[in-house]
Amino acid sequence: MTDEGDTNLDQAEKLRNIIKKSQVTDSSGTNQEKKHARIFTVTSGKGGVGKSNTAINLAVQFRKLGKRVIILDADFGLANIEVMFGAIPKFSLADVVYKGMDITEVITNGPMDIGFISGGSGVVGMSNLSQEKINFLIANVTKLDDLADIIVIDTGAGISDRVIDFLIASEEILLVTTPEPTSITDSYSLLKALDRNSQFRRDEANLRVITNKVLSTDEGRQLYHKLYTVTSQYLNMPMSFLGVVPQDPALKNAVMQQSPVSLESPNARSTRAYKDIADTLLKIPHTDKIYKRGIGALIEQITSFA
Ligand SMILES: Nc1ncnc2c1ncn2[C@@H]1O[C@H](COP(=O)(O)OP(=O)(O)O)[C@@H](O)[C@H]1O
Ligand SMILES: [Mg+2]
C-alpha cells in the first residue's frame, strides 16, 4: 500500500517535471512562468533630438553589461537605426505579418550581436489587421522574450496616434529632450496628449527624462526642472529625471561613420553618459509592475486600439 502510494507520488512528480520542462522550452509564448524581456520605449516630442542615438547606445551599453538586447525600430518615417548600424535589414515586421515569416528570420544581427528588427510598414495600421494575423504576430513577438533580456523600442517623434498608442502600451518610457525651445514645447505637447488619453494608465507608467545635447550637467538638470515645473502645473503626469547626455562632437563623428559612439569612441563624454544611464536603469529594482507584461502584451494592446 505504502509502496503503491510512493509510486503514484513519483509519477505525479514526474508529470509535474515534464510540464515544468515543457514550459521552460515552450516558445509559443503561452508559458506564464517565463520571465519577460524588460522593455524600454524611447520617444521624443520632436525629431532630431537624439532618440535613435539614445536607443542604439543604450543597447550597446546594456550589451556590455552582459544583457541580450534587441532593438525594435518603430520609427517608420526615418529608418535611421539601420543607418547607424551600418546594416540594412532584408526583412521587417511587415514580413511576419503579411508573409508569415518567423520573427527570428527578420532579426538582423548588428554589432556585439545586438538584434535589430525593422518595424517596416507591418505595424502601421496594425489595428486593421485580421484576428488571425494579429494572433500570428503576437505569438511571434512573444518569442522575443526568450531571445532578449532587454528590448529597446525606438518610436517616431511627435504626437501621432501611432506613437501615443506605443507609449500607452509601454512599460518604461524614456523621453529625450534637448535645450532647443521647440524640443521642450514639443515634449510638453507629447506629455499633454498622453495625459489626455483615457487609456493611459498613469499609476502604472514609468516615464523618465533624458536631457540631450546639453553643455553641462547643470544645464541638463535645469532643463528637466523646466519641463517638470510646467508639466506638474498643468498635467497629472508622473515623471522622473534619468540623466544627461552632453553635446558631443564624437557622437556626430560616430553617426558619420555609421556606428554608435559607444563603440566608436569608448571614452567619449557621450559614451560615458550612456553608460551611466544604462547602469542607472539596471539598478532600478525590477518590480512586478515592470515585469508583468512583456512584448507580446505590448503588441497585443497596440493592435487592440481601434
Ligand atoms: N549628444 C549629441 N551630441 C552631438 N550631436 C548629437 C547628439 N545627439 C544627437 N546629435 C545629432 O543629432 C542628430 C539626430 O540624432 P538622432 O538620434 O538621429 O535623432 P532622432 O532619432 O531623435 O531623430 C544626430 O545625427 C547627431 O548629429
Ligand atoms: Mg530617429
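Bear in mind the structure is a predicted one, so any value in this text is a computation, not a measurement. Both backbone and side-chain heavy atoms feed into the values below; hydrogens, waters and symmetry mates do not. Indexing begins at 1, ligand by ligand and atom by atom, following the structure's order.
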ask   = Under 3.5 Å, is there a donor-acceptor pair linking the side chains of T104 and D102?
value = yes
inquiry  = Quick check: V49 and ligand 1, any N/O pair under 3.5 Å apart?
reply    = yes
Which segment of P246 sits under 4.0 Å of ligand 1 when only heavy atoms are counted = backbone
inquiry  = Side chain or backbone, does G48 bring an N or O within less than 3.5 Å of an N or O on ligand 1?
reply    = yes
key: N or O contact, S44 vs ligand 1, cut-off under 3.5 Å   = no
note = Under 4.0 Å from one or more heavy atoms of V255, ligand 1 contributes atoms 25 (O)
task = Heavy-atom distances under 4.0 Å are what count here, so tell me which part of S270 touches ligand 1: side chain, backbone, both or neither.
result = neither
task = Over 60° means perpendicular and under 30° means parallel, so classify the ring planes of Y188 and Y234, tilted if in between.
result = perpendicular
task = List every atom of ligand 1 that sits less than 4.0 Å from any heavy atom of G50, numbering the atoms from 1 in the order shown and giving each element.
result = 9 (C), 15 (O), 16 (P), 17 (O), 19 (O), 20 (P), 22 (O)
request  = Could you confirm whether N53 has any N/O/S atom lying under 2.8 Å from the Mg ion (ligand 2)?
outcome  = no
request  = Of all the heavy-atom pairs spanning S52 and D154, show the shortest one and how long it is.
outcome  = OG-OD2, 2.7 Å
ask   = Of all the atoms in ligand 1, which lie at a distance below 4.0 Å from a heavy atom belonging to S52?
value = 17 (O), 20 (P), 21 (O)
query = Would you say K46 has any N or O atom under 3.5 Å from an N or O of ligand 1, going by distance alone?
reply = no
key: Sole candidate of K133, Q131, E132 that passes side chain to side chain donor-acceptor pair (under 3.5 Å) when paired with N135   = Q131
inquiry  = Quick check: K252 and ligand 1, any N/O pair under 3.5 Å apart?
reply    = no
query = Take atom CZ in F241; do more than 12 heavy atoms of anything else shown fall under 6.0 Å from it?
reply = yes
task = Would you kindly specify which portion of T54 sits under 4.0 Å from ligand 1, judged on non-hydrogen atoms: side chain, backbone, both or neither?
result = neither
task = Assess whether atom NZ of K64 is packed by more than 12 heavy atoms of other residues, nucleotides or ligands within 6.0 Å.
result = yes
query = Quick check: does any side chain N or O of T178 sit under 3.5 Å from a backbone N or O of S183, one acting as donor and the other as acceptor?
reply = no
task = Taking atom CZ of R221 as the centre, report whether more than 12 heavy atoms of other residues, nucleotides or ligands fall under 6.0 Å from it.
result = no
